[in-house]
Engineer: 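First the structure, which I've put down as C-alpha cells, then a few questions once you've had a look.
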Amino acid sequence: MADYFSRDLLINIFSRLGAKQLCQLKCLSKEWLHTISIPYFKKQRRDQSKKRPSLSLISSSRNHSFRSQLIHLSSIDSSNFVHEYEVIAEIGEGNFVCSSGLDLLCFYQTGYEGEIWICNPITKKTLALPVLSDFAGKACLGYVSSTNEYKIVVSLEGRVDDSDDWNLEADYEELLSFNILTLKLEETSVVGSWRDLLSCTQYSGTGHQPVHINGFIYWLAFAKDNTYSRDQMTILEMNLENEEVNTLCCPNGCNFELSHLAEINGHLCFVHNKTDGGDMLNVWMLKDRESEGWCLEYSVEVHESAYNFTILGYLPRNNESTGDILIQSYKGDLFCYETDTQKFKELESLNKVEFEWCGLYYESFFSIGMPGN
C-alpha cells in the first residue's frame, strides 16, 4: 500500500513538471523511468498540460539535399520569454499549412499532392500519413479521449458534372465531402486508411480553417440556395467518437468572408470582423448547446482595419481564472486581448521574431512510430 501511494505521489508531482525536466529525471532512476513511461502517467501529464498551453512560433528551411524541409519551433512561456528555435521535424518539400491546438502538430500540403504529417514537438518524432489523392481542402486533427485515438478529417470541395450530353453546357453541382483517418499513437503507431465519410451537396464554403474542441470538429459553411447567398451560414459539427455530423445555427447578421470559428477556454466561438461603424472583433460564445444559444462575450476594438483578424486561441494565466485571447492580423502581427482589463495590445517582442505559422499546443509524451525511431 505504501508503494502505491509513493507511486501516486510521484505521478502527481511529475505531471506538473516540464518535458525537458522529465527527460532528465528518466535518466536518474529506473523507478522514475518506469513511472514516467506508464500510460496512466502520460494521461495525467497530458491533462495537466492542457491547462498550460504554449504559444508556438514555427518556421521552415530547406535541408542540404533540397528534397525536404526542416521545421523549426520556438515556444513562448507565460512571461513572454521566447525560447530559441530548435528543429523538431523533417517533412517533404513544398508549401505546407500547420494546424495545432493539441499536443501534436499537423502539417498538410497546399495543392493536390495530399501529403500530411503528424509531429510531436517534445519527442521530435514525425509520422507521414498515407497520401490522399486530389486533396485540395482543409485538414484538422482531433482527439477521442474514450478510445485514446487521434482522427484527422479532411474537407474537400469540388464540382460534379451532372450533364448527360457533352454537347450541352455542363450542369455543375457543388460537392462538399469528408475523408477521415484514424491514428492510434502509443509505442507503435497504428495508422488506418482513409475512409469516405459523407458528401453534402447542400453546403459549401469550407475555405475557413476548421477547429477542434473537446472531441468535436467544426466547419463554417454556407447553405446554398438559388442565389448562392453567403449570408446563409451554418456550422457543421462532427462528433469524432461516432463520426456523426450535425448542424448549428450562426449568430444573425454576419458575413461569411468576415467571420471564422475559434476556441476560447474550451468553448466554441463565432468571430465576426465588423468593419461598419468602427473596427471591432465581435466574439459570440456558444453557452448552451441544447438551445444553440449564442452570447456576445467580447467586443474587441482593434487599432487598424478589422478585416481578416484571426483569433488563435486562449492562453490562461497562472491562476487559470483569467487569460489572454491571442489574435493575429492579416499582416501576421500578433496581439492579445486581456480578458480582465479588456485591453488590446500588440505583442511587440514576439513580432520581432520571424515565423511562418503560429498557434497553441501543449506538451505530451505520446509516442509516434516504433520505439527508437
Side-chain angles (χ1 to χ4, degrees), residues 97 99 101 135-142 151-160 162 172-180 196-276 280-299 306-313:
V97 174
S99 64
F135 164 47
K138 299 289 184 179
C140 189
L141 179 69
K151 292 186 178 182
I152 183 165
V153 184
V154 172
S155 57
L156 303 118
E157 293 184 69
R159 305 181 75 187
V160 178
D162 288 339
Y172 286 108
E173 180 182 23
E174 297 288 342
L175 176 66
L176 174 61
S177 60
F178 297 95
N179 285 353
I180 190 167
D196 294 330
L197 195 59
L198 56 86
S199 297
C200 302
T201 57
Q202 68 269 38
Y203 298 107
S204 185
T206 59
H208 297 287
Q209 178 64 36
V211 297
H212 168 261
I213 305 173
N214 299 326
F216 290 80
I217 293 181
Y218 301 91
W219 293 263
L220 183 61
F222 66 89
K224 298 186 302 181
D225 55 22
N226 292 332
T227 61
Y228 289 87
S229 171
R230 291 191 173 226
D231 294 329
Q232 301 298 319
M233 291 183 293
T234 191
I235 297 172
L236 302 180
E237 172 196 68
M238 179 184 293
N239 184 336
L240 288 178
E241 186 170 18
N242 57 28
E243 301 180 3
E244 293 181 354
V245 177
N246 297 307
T247 59
L248 299 173
C249 67
C250 297
N252 295 325
C254 299
N255 180 276
F256 181 82
E257 278 78 10
L258 298 178
S259 303
H260 66 275
L261 301 178
E263 181 267 342
I264 296 179
N265 203 19
H267 294 277
L268 173 66
C269 292
F270 183 96
V271 186
H272 179 60
N273 302 70
K274 183 181 178 183
T275 57
D276 57 323
M280 304 285 292
L281 282 181
N282 286 331
V283 182
W284 282 269
M285 184 175 289
L286 186 62
K287 291 294 186 69
D288 188 345
R289 291 176 56 89
E290 296 298 325
S291 64
E292 299 185 18
W294 294 93
C295 174
L296 183 58
E297 192 75 7
Y298 306 104
S299 287
Y307 181 75
N308 208 16
F309 271 71
T310 302
I311 289 182
L312 301 177

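Just so it is clear, the structure is predicted and the values come from calculations on it, not from any experiment.
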Engineer: Quick check against the 3.5 Å criterion: does Asn239 have a side-chain atom that pairs as donor or acceptor with the backbone of Glu244?
Structural biologist: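 Here the side-chain-to-backbone pair does not exist.
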Engineer: So His272 and Pro251, do their side chains get closer than 4.5 Å, heavy atoms only?
Structural biologist: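 They are not in contact (no side-chain heavy atoms under 4.5 Å apart), so the answer is no.
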Engineer: Please evaluate residues Thr234 and Leu248 with respect to the criterion side chain to side chain contact (heavy atoms under 4.5 Å, CB included), reporting the C-alpha separation (whole Å), side-chain torsions for both, the decisive distance (0.1 Å), and the verdict.
Structural biologist: CA-CA 6 Å; Thr234 191; Leu248 299 173; 5.9 Å; no
Engineer: Got a donor-acceptor contact below 3.5 angstrom from the His208 side chain to the Ser259 backbone?
Structural biologist: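 Present.
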Engineer: With heavy-atom distances below 4.5 Å as the criterion, would you say the side chains of Val271 and Asn282 are in contact?
Structural biologist: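 SC-SC contact between Val271 and Asn282 ruled out.
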Engineer: What's the separation between atom SG in Cys269 and atom CG in Leu261, rounded to the nearest 0.5 Å?
Structural biologist: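 The CG atom of Leu261 is 9.5 Å from SG of Cys269, to the nearest 0.5 Å.
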Engineer: For atom CD of Glu241, decide whether the heavy atoms of other residues, nucleotides or ligands shown that lie under 6.0 angstrom number more than 12.
Structural biologist: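 It does not: Glu241 CD has 12 such atoms or fewer within range.
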Engineer: Quick one: CH2 on Trp284 to OG on Ser299, what's the gap to the nearest 0.5 Å?
Structural biologist: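 One gets 7.5 Å once the value is rounded to the nearest 0.5 Å.
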Engineer: Between Ile235 and Cys250, which heavy-atom pair has the shortest distance, and what is it?
Structural biologist: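 Shortest heavy-atom contact: CG1-SG, 3.6 Å.
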Engineer: As a quick check of understanding, evaluate side chain to side chain contact (heavy atoms under 4.5 Å, CB included) for Glu243 and Lys151, giving each step before the final call.
Structural biologist: CA-CA 10 Å; Glu243 301 180 3; Lys151 292 186 178 182; 2.8 Å; yes
Engineer: First locate atom CG of Leu141, then atom NE2 of His212, and finally report the distance between them rounded to the nearest 0.5 Å.
Structural biologist: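 Result: 7.5 Å between the selected atoms.
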Engineer: Would a distance-only check, ignoring hydrogens and angles, find a side-chain to backbone donor-acceptor pair under 3.5 Å from Trp294 to Cys249?
Structural biologist: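 Checking the backbone N and O of Cys249 against the side chain of Trp294, a donor-acceptor pair under 3.5 Å is found.
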Engineer: Roughly how far, to the nearest 0.5 Å, is CD1 of Ile213 from NE2 of His267?
Structural biologist: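 Those atoms lie 9.5 Å apart.
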Engineer: Out of curiosity, Cys140 SG to Ile180 CD1, how far, rounded to the nearest 0.5 Å?
Structural biologist: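 Here the rounded value is 10.5 Å.
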Engineer: Among Ile217, Val154, Leu236, Asp196, find the residue that satisfies the side chain to side chain contact (heavy atoms under 4.5 Å, CB included) test when tested with Phe178.
Structural biologist: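 Result: among Ile217, Val154, Leu236, Asp196, Leu236 is the only option passing the side chain to side chain contact (heavy atoms under 4.5 Å, CB included) with Phe178.
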Engineer: Measuring from atom CG of Leu286 to atom OH of Tyr218, what distance do you get when rounded to the nearest 0.5 angstrom?
Structural biologist: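 The CG atom of Leu286 sits 7.0 Å away from the OH atom of Tyr218.
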Engineer: Return the minimal non-hydrogen interatomic distance between His260 and Ile311, and the atom names on each side.
Structural biologist: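 His260 and Ile311 have their closest heavy atoms at NE2-N, 3.1 Å.
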Engineer: Given side chain to side chain contact (heavy atoms under 4.5 Å, CB included), test Val283 with Leu296 step by step and report yes or no.
Structural biologist: CA-CA 6 Å; Val283 182; Leu296 183 58; 5.7 Å; no
